[in-house]
Amino acid sequence: MPPTFKCLKLWGGPIAAALRLLVGIGLSLALYPSPAWANGGSALLWTGLIHLVVGNLVIAYLEAGLLCWWFGTPRGRSLLLLLVANYASAWAGALLLANRLSQYSGLTIANVQVWLAIAALLAFLLTLVIEYPFFWLLLRQRKRSIQTALKATLLIHGLSYLLLFGWYSFNSQTSLISQTRVVPAAQLQPSFSYSLHYLSPDGAQALRLTSGETEPVAIDRATFDALSPEPQSRFGPVPKLTTHTDWDYYTHVFGAGGLTGRNRITEASQHFALETPFAVWTISHATHLPDDWLVFQLGRDQICLLHPASQRIALIARGKDPVVTLSDPPESVKRP
């Protein structure tokens with residue numbers, strides 16, 4: 001049997017069935033109308049688990065078939081080595097890179113897009129470094145085996161990485177950065193005055209920042225605690241400091257859920273979230289201000305001001321547990 005037909009055997013039988021199953025699951029996750037499953041976590045979580053446990057099997061079959069077809073390597077040996085290579089690189093990426101950016105204090109809403117691109121490039125380079133020796137073992141009998149193995153690694157992984165990029169992109173949530181424009185805090189000022197009370201990132205100091213100012217002032221912890229005498233829920237219906245609005249907002253436990261809004265009159269909806277393989281930020285401790293402005297905590301220590309109508313967002317403080325009060329409250333406070 002010609003080598004090409006022997007290689008094509010890798011695509012038939014149970015492997016083709018497994019591939020069809022995974023494609024079906026991937027499309028179901030990508031097209032599922034809800035950004036997060038209330039009882040089962042986010043779509044991205046399941047996407048990663050499927051990739052780590054089963055997806056590498058399919059990718060190894062695909063790569064072994066291409067390597068056998070284009071470079072004439074033994075199909076059985078190719079499949080065995082590339083199975084080990086794919087599981088090794090995938091788990092190394094999961095342990096070294098997955099959600100690592102979220103833990104980096106220098107990462108903010110202002111620079112996250114650049115860091116996401118850097119992380120994607122690092123993931124690709126990590127895959128090449130780990131899997132290149134396996135390709136070399138399969139091609140070591142060739143002339144110029146080092147160059148041939150490098151060529152095969154770049155070519156085949158370039159194609160498989162595109163599939164993985166699409167797989168994760170479909171199931172990631174990036175509306176917080178793709179549907180808004182990040183601006184400096186000085187350029188995003190509501191027409192009303194408010195005071196932002198919050199804790200420092202380490203929780204040791206209570207602070208107050210008045211709208212229009214750039215530096216917070218320290219306040220007593222007792223003063224801060226008195227602003228919220230009862231424990232406030234981090235997630236759920238967003239409390240309102242306005243009664244003149246048609247919008248209801250909710251925050252969700254999973255990063256993919258983020259912040260959602262629904263207009264009671266027009267039934268229009270909004271969704272802002274950030275959940276990617278490299279950075280996951282939940283939105284919590286939100287407050288709905290007059291004219292449909294929103295203040296919330298993003299991740300562990302970013303406090304942001306969002307104006308959905310103009311699709312602008314700004315980082316206004318670094319801290320946690322924000323509590324907002326109006327300087328001259330024109331309306332009664334309405335809490336769910």
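This one's a predicted model, so the numbers in the text were calculated from it and none came from an experiment. Note that the numbering runs from 1 along the sequence shown for the chain.
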Next item on the list: Keeping to residues at least two apart or across chains, list the side chain to side chain donor-acceptor pair (under 3.5 Å) pairs with something in residues 298-317.
Entry: Asp301-Arg318, His307-Ser310, Ser310-Arg312
Next item on the list: Output all residues satisfying side-chain contact (heavy atoms from CB on, under 4.5 Å) with Thr325, sequence neighbours left out; order by chain, then residue number.
Entry: Ser195, His197, Leu227
Check: In chain order, what residues pass the ring-ring contact (aromatic ring centres under 6.0 Å, His included) check against Tyr168, with sequence neighbours excluded?
Finding: His51
Margin query: Run the salt bridge (Lys or Arg N to Asp or Glu O under 4.0 Å) test against Arg221 and tell me which residues pass, sequence neighbours left out.
Written below: Asp225
Next item on the list: Can you sort out the partners of Phe165 under side-chain contact (heavy atoms from CB on, under 4.5 Å), two or more places apart, ordered by chain and number?
Entry: Ser169
Note to self: Using the rule that Ile, Leu, Val, Met, Phe, Trp and Tyr join whenever any side-chain heavy atoms are under 4.5 Å apart, tell me whether Leu52 and Leu83 fall into a single cluster.
What the structure shows: yes
Item checked: Heavy-atom neighbours of Trp91 CH2 exceed 12 at 6.0 Å -> no
Check: Can you tell me if Ser200 uses its side chain to pair, donor with acceptor, with the backbone of Gly319 under 3.5 Å?
Finding: no
Notebook entry, point to check: For Glu215, which residues count as a salt bridge (Lys or Arg N to Asp or Glu O under 4.0 Å) partner, sequence neighbours excluded?
Noted result: none
Item checked: Side chain Asp291, main chain Trp293, donor-acceptor under 3.5 Å -> no
Checklist line | Single-linkage hydrophobic cluster, 4.5 Å side-chain cutoff, Tyr250 and Leu306 together | finding: no
Check: Of all residues at least two apart in sequence or in a different chain, which pass the ring-ring contact (aromatic ring centres under 6.0 Å, His included) check with Phe135?
Finding: His157
Checklist line | Partners meeting ring-ring contact (aromatic ring centres under 6.0 Å, His included) with Tyr161 (sequence neighbours left out) | finding: Phe124
Margin query: Checking the side chain of Asn111 only, and the main-chain atoms of Gly106 only, is there a donor and an acceptor separated by less than 3.5 Å?
Written below: yes
Checklist line | Those residues that, when tested against Trp247, pass ring-ring contact (aromatic ring centres under 6.0 Å, His included) (two or more places apart) | finding: Tyr249
Margin query: Looking at Asp202 and Ala204, would you say the former's side chain and the latter's main chain have a donor-acceptor pair under 3.5 Å?
Written below: yes
Notebook entry, point to check: According to the ring pair (Phe, Tyr, Trp, His ring centres under 6.0 Å) rule, which pairs have a member within residues 92-118, sequence neighbours left out?
Noted result: Tyr104-Trp115
Notebook entry, point to check: For atom CD1 of Ile146, is the number of surrounding heavy atoms from other residues, nucleotides or ligands below 6.0 Å larger than 12?
Noted result: no
Next item on the list: Could I get the full list of side-chain contact (heavy atoms from CB on, under 4.5 Å) partners for Ala110, not counting sequence neighbours?
Entry: Thr108, Val182
Next item on the list: Kindly write out the residues that satisfy side-chain contact (heavy atoms from CB on, under 4.5 Å) with Ser269, not counting sequence neighbours, or none if the list is empty.
Entry: none
